[in-house]
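Since the structure comes first, as structure tokens, the remarks are kept for the end.
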Amino acid sequence: MAYSQPFPLAQPTQKSQQPTFGPDLAVRLICPDCRDPNPNIVEEFSSGDLVCGTCGLVLGDRVVDTRSEWRTFANDEGDDPSRVGAASDPLMEGMEQLDTVISFRDGGSGLARELQRAASRSTASRSERNLLQAFRDISSWCDQFSLPKTISDIAKQLYKRSDEEKLLRGKPLDAVIAACIFIACRQAHVPRTFREICNLTHVSKKTLGQCYKALEQAFNLTPGASAHRHSTTPVVTGPEDLLSRYCNHLDLPPNVEPICADIIVKARELGIADGRSPVSIAGGAIYFTTHLLGKPKSARDISGVAGVSEGTIKLVYRLYYGVKEKLVKEEWLKDGKARLDRLPVDTTITK
């Protein structure tokens, strides 16, 4: 008795092979006038024509040039440029900028790791490897801090110079990089506080300060890390430089920042809150201005953005509140933008 399958398999379908098309190598291009069995066909890429070299008959036009798009003078400019790799980096001049990466897939034999060690030792010296690692860390930290590429390039230049001159020998690599980023931020007029740099790089404030002072003296920088060696006007980070970022994080209207800056400048002229840190003054001024304009922000929100305590913000606010008539311009009151009765008298009530 034959065994019958309840669900017989379908008959295998034979796949129809699609015809493949390719150039017929048996076909030769010859000149219709000369009919020479050994034609002399010349491609003139300058004019884009295909010309018979014997009689000069044009056989085709608009010929696509498949050669490289550059002109090479090997005796004058060195090796022929290639299409591989990234653009040349002037900070890595004299160093090999093309890396050879060995795959980890070796079947578990461990041979790939040994090859990687041998390749890393043979391609670059220890100083070059440390420099490349520092450049990677600078780029990574600047990306985490949302800093532009200009600051990253300045920090790399500072680190390379300090490494070449052995300015911070014995200092931790993270501390040197943090100091370079801090100076680069000031040179590019994008200041960051010590606390922000420390939170980003996990370097202690004491170590960061030591590295910063050493670089400031070695590079002959003016107080405030001016970018020009012969500059006589120091660039110091003030509260006004921090307002744009703080107001942006607090989602405040655009008119808050200029009014807040005017209040800070007027308070400085009157000698109010002198000796306070720029972060504290910026936080207290924002707290004062937001209540003055009817866009109040709590001291807790400002404290989270500025990185100072609520008590410090309210202390600066009390100093501003004592001379509020001198800080607020008459035109703000006439336009209805500001009202003095909006300012809270007792800051402990407003949370």
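Note: hydrogens, waters and symmetry copies are ignored here, and every other heavy atom, side chains too, is used.
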Tell me whether [X] contacts the main-chain N or O of [Y] through its side chain, where contact means a donor paired with an acceptor under 3.5 Å.
X: Ser280; Y: Arg276; answer: no
X: Tyr159; Y: Leu131; answer: no
X: Thr201; Y: Ile197; answer: yes
X: Arg342; Y: Leu293; answer: yes
X: Ser140; Y: Arg136; answer: no

task: Please determine which of Leu252, Ile286, Asn248 meets the side chain to side chain contact (heavy atoms under 4.5 Å, CB included) test together with Leu243.
output: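 Passing option: Ile286.
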message: By the definition side chain to side chain contact (heavy atoms under 4.5 Å, CB included), identify the one residue from Asp174, Leu168, Val203, Ile183 that meets it with Cys211.
response: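 Single side chain to side chain contact (heavy atoms under 4.5 Å, CB included) partner of Cys211 among Asp174, Leu168, Val203, Ile183: Leu168.
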Separation of [Y] [atom2] from [X] [atom1] (nearest 0.5 Å):
X: His291; Y: Tyr317; atom1: NE2; atom2: OH; answer: 6.5 Å
X: Ile177; Y: Trp141; atom1: CD1; atom2: CH2; answer: 5.0 Å
X: Thr312; Y: Ile302; atom1: OG1; atom2: CD1; answer: 12.5 Å
X: Cys31; Y: Asn40; atom1: SG; atom2: CG; answer: 10.5 Å
X: Leu319; Y: Asp274; atom1: CG; atom2: CG; answer: 10.0 Å
X: Cys185; Y: Ile151; atom1: SG; atom2: CD1; answer: 4.5 Å

Provide the closest heavy-atom pair for [X] versus [Y] in the form atom of the first, atom of the second, distance.
X: Asp301; Y: Leu250; value: O-CD2, 3.8 Å
X: Thr290; Y: Lys297; value: OG1-N, 3.6 Å
X: Ala299; Y: Ile313; value: O-CD1, 3.8 Å
X: Leu167; Y: Ala218; value: CD1-CB, 3.6 Å
X: Ala273; Y: Ile281; value: O-CD1, 3.6 Å
X: Ile41; Y: Cys52; value: CD1-CA, 4.4 Å

- prompt: Taking it one step at a time, do Ser47 and Glu44 satisfy side chain to side chain contact (heavy atoms under 4.5 Å, CB included)?
  reply: CA-CA 6 Å; Ser47 59; Glu44 295 183 355; 3.4 Å; yes
I want to check something: taking the side chain as every heavy atom from C-beta on, are [X] and [Y] in contact at a cut-off of under 4.5 Å?
X: Glu310; Y: Ser298; result: no
X: Val58; Y: Leu50; result: no
X: Trp332; Y: Arg339; result: no
X: Pro296; Y: Tyr287; result: no
X: Leu173; Y: Asp137; result: yes
X: Ser204; Y: Cys198; result: no
X: Cys180; Y: Leu215; result: yes
X: Pro32; Y: Leu57; result: yes

Would you say [Y] ends up clustered with [X] if hydrophobic residues are merged whenever their side chains have heavy atoms under 4.5 Å apart, either directly or through other cluster members?
X: Leu315; Y: Val279; value: no
X: Val316; Y: Val323; value: yes
X: Val51; Y: Leu59; value: no

query: Could you go step by step and tell me if Glu240 and Arg268 meet the salt bridge (charged side-chain N to carboxylate O under 4.0 Å, His left out) rule?
result: CA-CA 11 Å; Glu240 306 93 330; Arg268 185 186 299 118; 2.6 Å; yes
- prompt: Going through the distances and angles, do Ser162 and Val176 end up as a side chain to side chain contact (heavy atoms under 4.5 Å, CB included)?
  reply: CA-CA 9 Å; Ser162 65; Val176 179; 4.2 Å; yes
- request: Answer yes or no for Lys324 and Tyr321: cation-pi contact, defined as NZ/CZ to six-membered ring centre under 6.0 Å and angle to ring axis within 45°.
  value: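 Satisfied, under 6.0 Å and within 45°.
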message: For Phe182, does the six-membered ring have the charged nitrogen or CZ of Arg192 within the cation-pi criterion, i.e. under 6.0 angstrom from the centroid and within 45° of the normal?
response: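 Judged by the rule, Arg192 and Phe182 form no cation-pi pair.
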task: Decide yes or no on side chain to side chain contact (heavy atoms under 4.5 Å, CB included) for Leu327 and Leu270, but give the supporting numbers first.
output: CA-CA 9 Å; Leu327 297 179; Leu270 298 175; 4.1 Å; yes
field: side-chain hydrogen bond (donor to acceptor under 3.5 Å, both in side chains) between Thr289 and Lys295, intermediate numbers included
entry: CA-CA 8 Å; Thr289 307; Lys295 307 289 184 181; over 6 Å; no
query: Looking at Lys334 and Glu330, does any basic side-chain N land under 4.0 Å from a carboxylate oxygen?
result: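 Glu330 and Lys334: not salt-bridged.
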query: Does a side-chain N-to-carboxylate-O contact under 4.0 Å join Arg245 and Glu196?
result: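 Looking at Glu196 together with Arg245, the answer is yes, because their closest N to O distance falls below 4.0 Å.
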task: Kindly state each residue pair satisfying salt bridge (Lys or Arg N to Asp or Glu O under 4.0 Å) with at least one member in residues 141-151, sequence neighbours excluded.
output: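 Listed once each, the pairs are Lys149-Asp153.
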What donor-acceptor contacts under 3.5 angstrom involve side-chain atoms of residues 253-266, with partners at least two apart or in another chain?
none

